[in-house]
Trainee: 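Sharing a structure below in structure tokens format, with a few things to ask.
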Amino acid sequence: MPTPEHFMARAIQLAERGLYTTDPNPRVGCVIVKDGQIIAEGWHMRAGEGHAEVNALHEAGSNAAGADCYVTLEPCSHFGRTPPCADALINAKVKSVFVAMTDPNPVVSGAGVRRLQEAGIEVHTDILAAQAEKLNPGFCQRMRMGRPYIRSKLAMSMDGRTAMASGESKWITGQLARADVQKLRARSSAILTGIGTVLADDPLLNVRPEQGGRDWYPAGQKVRQPLRVIVDGHLRMPADARILEQEKVLLATAVDKQAPKNTETIVLPADGDIIDLNALMAVLAQREINEVMVEAGGVLNGALLKSRLIDELVIYMAPKIMGDMARGVFHLPGMETMAQNISLHVTDMRAIGRDWRITAIPEYNEDF
């Protein structure tokens with residue numbers, strides 16, 4: 001007989017189908033089970049469209065009455081762009097609801113569960129909760145801490161260099177690694193870089209599914225481009241930068257002066273050349289930015305690390321030696337003793353073509 005974990009694992013698989021399309025909403029999956037068999041499935045496909053439970057109930061029809069519902073996130077109990085999912089489950093007369101994790105928003109956490117219970121529906125919670133939370137690290141952190149989840153992507157040589165002394169960096173990693181980066185961009189709400197990277201590389205920082213391998217982006221779905229955020233303390237953005245040919249460019253600066261066309265500007269406090277990054281993250285959270293991907297040089301990465309804002313590092317390491325005159329990964333002036341080092345908890349390591357992709361969590365200490 002299948003266990004509740006078996007059906008919840010399937011709901012998590014379904015939720016993953018919305019990895020690139022649901023932002024700023026969470027990725028959620030749902031299965032409806034009757035007599036030990038799955039009779040309907042659903043997942044949240046895109047913000048503003050039906051939630052996972054509603055899609056599954058639509059497929060189940062009248063068979064949902066007396067069935068069990070497995071959903072990866074507590075059914076919503078409030079009106080947003082769509083009606084409450086808790087009410088839809090109540091109206092469908094399901095027998096019980098199994099919830100992987102409750103809503104991380106402390107203001108409404110548990111409200112959906114209570115609504116179902118008050119309607120006489122049996123509710124079970126915390127089934128594969130850790131796995132369900134991994135689907136939505138940014139949404140959960142934004143709800144709990146008021147800031148996005150920050151993932152820094154780094155491409156470096158075996159000796160930890162990101163560019164030659166001249167600034168030349170194309171290409172450190174191979175084509176397969178660069179294609180893999182497209183998937184990280186696609187799941188992100190925003191891509192963050194510094195004006196130094198814009199001036200040196202003139203990047204686009206957009207999602208290009210055709211470069212990410214075959215059949216990874218949902219067929220028929222319009223490509224969702226993340227917000228591009230440029231830390232530009234003195235507003236040096238060139239009017240002809242390629243990144244300005246696109247929509248969604250936000251300049252975070254410390255000066256109040258005329259900015260190029262096709263940009264939005266926010267003026268924030270600054271400490272020297274670096275703006276207040278905590279203040280920037282608070283602004284992004286207010287704009288429902290869940291996951292920020294950093295594609296920047298050593299100065300901005302170092303400042304983010306020093307502010308303890310980087311939650312995850314994704315390092316693409318190429319089998320190359322670039323020498324000690326080349327540029328390092330993090331600019332961290334003042335780090336002089338071993339007690340100040342930052343340990344990394346490596347959560348994944350795998351080959352991507354000839355390169356290695358290392359995923360790690362910084363473990364900040366009091367001496368840093």
Side-chain angles (χ1 to χ4, degrees), residues 23-24 104-107 136-154 185 187-199 203 205 225-237 241 243-244 246-260 262-313 329-335 340 342 361-366 368:
D23 196 81
N105 185 343
V107 177
N136 299 294
F139 177 79
C140 292
Q141 181 154 291
R142 178 167 65 86
M143 290 298 170
R144 292 172 181 150
M145 299 175 59
R147 74 167 180 85
Y149 187 88
I150 302 176
R151 178 184 294 111
S152 180
K153 185 277 294 183
L154 303 165
R185 286 182 181 177
R187 68 171 293 165
S188 302
S189 314
I191 297 176
L192 175 68
T193 195
I195 186 61
T197 296
V198 174
L199 295 174
L205 299 180
Q225 294 292 347
L227 173 70
R228 266 64 56 129
V229 183
I230 318 298
V231 175
D232 185 4
H234 301 291
L235 214 51
R236 295 184 290 151
M237 173 64 71
I243 202 166
L244 300 186
Q246 311 163 91
E247 297 179 353
K248 299 184 177 180
V249 178
L250 178 67
L251 302 180
T253 185
V255 296
D256 186 8
K257 66 179 185 180
Q258 186 69 34
N262 300 328
T263 65
E264 179 186 357
T265 303
I266 54 170
V267 179
L268 297 170
D271 181 8
D273 291 332
I274 296 295
I275 63 167
D276 187 330
L277 295 171
N278 282 288
L280 173 59
M281 294 309 151
V283 169
L284 295 181
Q286 291 169 1
R287 296 179 179 223
E288 297 186 311
I289 297 297
N290 291 328
E291 297 182 26
V292 173
M293 179 178 174
V294 181
E295 296 196 54
V299 173
L300 181 53
N301 267 302
L304 286 164
L305 202 62
K306 197 157 189 177
S307 297
R308 304 187 180 210
L309 286 171
I310 294 179
D311 299 295
E312 178 180 298
L313 296 168
V329 181
F330 295 102
H331 177 63
L332 290 168
M335 182 178 278
Q340 295 173 298
I342 301 170
I361 307 299
E363 297 177 338
Y364 298 105
N365 63 64
E366 294 181 359
F368 175 64

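Owing to the predicted nature of the structure, the values given are computational and were not obtained by experimental measurement.
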Trainee: Is there a donor in the side chain of Gln141 and an acceptor in the side chain of Asp311, or the other way round, less than 3.5 Å apart?
Mentor: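 Side-chain D/A pair, Gln141 to Asp311: present.
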
Trainee: When rounded to the nearest 0.5 angstrom, what distance separates CD in Glu264 from CG in Leu251?
Mentor: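 Rounded to the nearest 0.5 Å, the CD-CG separation comes out at 9.0 Å.
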
Trainee: Is any side-chain heavy atom of Val198 closer than 4.5 Å to a side-chain heavy atom of Met237?
Mentor: yes

Trainee: With a 4.5 Å heavy-atom cut-off, do Leu284 and Val229 have their side chains touching?
Mentor: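 In short, these two side chains touch, coming nearer than 4.5 Å.
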
Trainee: Mind checking the CD1-NE2 spacing from Ile275 to His234? Nearest 0.5 Å is all I need.
Mentor: 11.0 Å

Trainee: Distance from Ile342 atom CD1 to Leu313 atom CG, nearest 0.5 Å?
Mentor: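 Going from CD1 on Ile342 over to CG on Leu313, the span is 9.0 Å.
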
Trainee: Output the distance between atom OG (Ser188) and atom CD (Gln225), rounded to the nearest 0.5 Å.
Mentor: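 One gets 11.5 Å once the value is rounded to the nearest 0.5 Å.
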
Trainee: Over all heavy atoms of both residues, which pair between Asn290 and Pro24 is shortest? Give the atoms and the distance, please.
Mentor: ND2-O, 2.8 Å

Trainee: Could you check Tyr149 against Ile289 for side-chain contact (heavy atoms from CB on, under 4.5 Å), going step by step and ending with a plain yes or no?
Mentor: CA-CA 9 Å; Tyr149 187 88; Ile289 297 297; over 6 Å; no

Trainee: Judged by modelled atom types alone, do Ser152 and Asn301 share a side-chain donor-acceptor pair under 3.5 Å?
Mentor: yes

Trainee: To check you understand the geometry: which heavy-atom pair defines the closest contact between Arg147 and Ala285, and what is its length?
Mentor: CA-CB, 3.9 Å

Trainee: Let me confirm one number: the CD-OG distance from Glu288 to Ser189, rounded to the nearest 0.5 Å.
Mentor: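 Answer for the CD-OG pair, Glu288 versus Ser189, is 9.5 Å.
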
Trainee: With sequence neighbours left out, what residues match Pro104 under side chain to side chain contact (heavy atoms under 4.5 Å, CB included)?
Mentor: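 So Pro104 forms a side chain to side chain contact (heavy atoms under 4.5 Å, CB included) with Leu73, Met101, Phe139, Cys140, Met143, Arg144.
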
Trainee: Measuring only between side-chain heavy atoms, which start at C-beta, is Phe330 closer than 4.5 Å to Leu154?
Mentor: yes

Trainee: Just verifying a value: how many Å separate Leu227 CG and Leu205 CG, rounded to the nearest 0.5 Å?
Mentor: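 Leu227 CG to Leu205 CG: 11.5 Å, rounded to 0.5 Å.
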
Trainee: Evaluate the side-chain proximity of Val249 to Asn262: yes if any heavy-atom separation is below 4.5 Å, no if none is.
Mentor: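 A side-chain contact is absent here, since even the closest heavy-atom pair is not under 4.5 Å.
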
Trainee: Could you please spell out the steps behind the side-chain contact (heavy atoms from CB on, under 4.5 Å) verdict for Leu250 and Thr263?
Mentor: CA-CA 6 Å; Leu250 178 67; Thr263 65; over 6 Å; no

Trainee: Before you tell me yes or no, could you show the steps for Glu295 and Leu192 under side-chain contact (heavy atoms from CB on, under 4.5 Å), namely the whole-Å CA-CA distance, both residues' side-chain angles and the distance that decides it to 0.1 Å?
Mentor: CA-CA 6 Å; Glu295 296 196 54; Leu192 175 68; over 6 Å; no

Trainee: Step by step, would you call Met281 with Leu309 a side-chain contact (heavy atoms from CB on, under 4.5 Å)?
Mentor: CA-CA 9 Å; Met281 294 309 151; Leu309 286 171; 4.2 Å; yes

Trainee: Applying side chain to side chain contact (heavy atoms under 4.5 Å, CB included), can you list everything that pairs with Leu199, at least two apart in sequence or on another chain?
Mentor: Ile195, Arg236, Pro238

Trainee: Salt-bridged, Arg142 to Glu291, with N to O below 4.0 Å?
Mentor: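 Between Glu291 and Arg142 there is no salt bridge, as every charged N stays at least 4.0 Å from the carboxylate O atoms.
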
Trainee: Verify the distance criterion only: is there a donor paired with an acceptor across the side chains of Thr253 and Asp232 at less than 3.5 Å?
Mentor: no

Trainee: Compare every heavy atom of Ala296 with every heavy atom of Leu300, then report the nearest pair and how far apart it is.
Mentor: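 Shortest heavy-atom contact: CD2-CB, 3.7 Å.
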
Trainee: Looking at every non-hydrogen atom in both residues, tell me the closest pair between Ala252 and Leu280 and how far apart they are.
Mentor: CB-CD1, 3.9 Å

Trainee: Taking all heavy atoms of Gly297 and all of Thr197, pick out the closest pair and write down the distance.
Mentor: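 Result for this residue pair: N-OG1, 3.5 Å.
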
Trainee: Please name the pair of heavy atoms, one in Leu268 and one in Asp276, separated by the smallest distance, quoted to 0.1 Å.
Mentor: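 Closest heavy-atom pair between Leu268 and Asp276: CD1-O, 4.3 Å.
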
Trainee: Is Ile191 close to Arg185 at the side-chain level, that is, under 4.5 Å between some pair of heavy atoms?
Mentor: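 Yes - at least one pair of side-chain heavy atoms lies under 4.5 Å apart.
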
Trainee: Can you name the side chain to side chain contact (heavy atoms under 4.5 Å, CB included) partners of Gln246, sequence neighbours left out?
Mentor: Leu204, Asn206, Arg228, Ile243

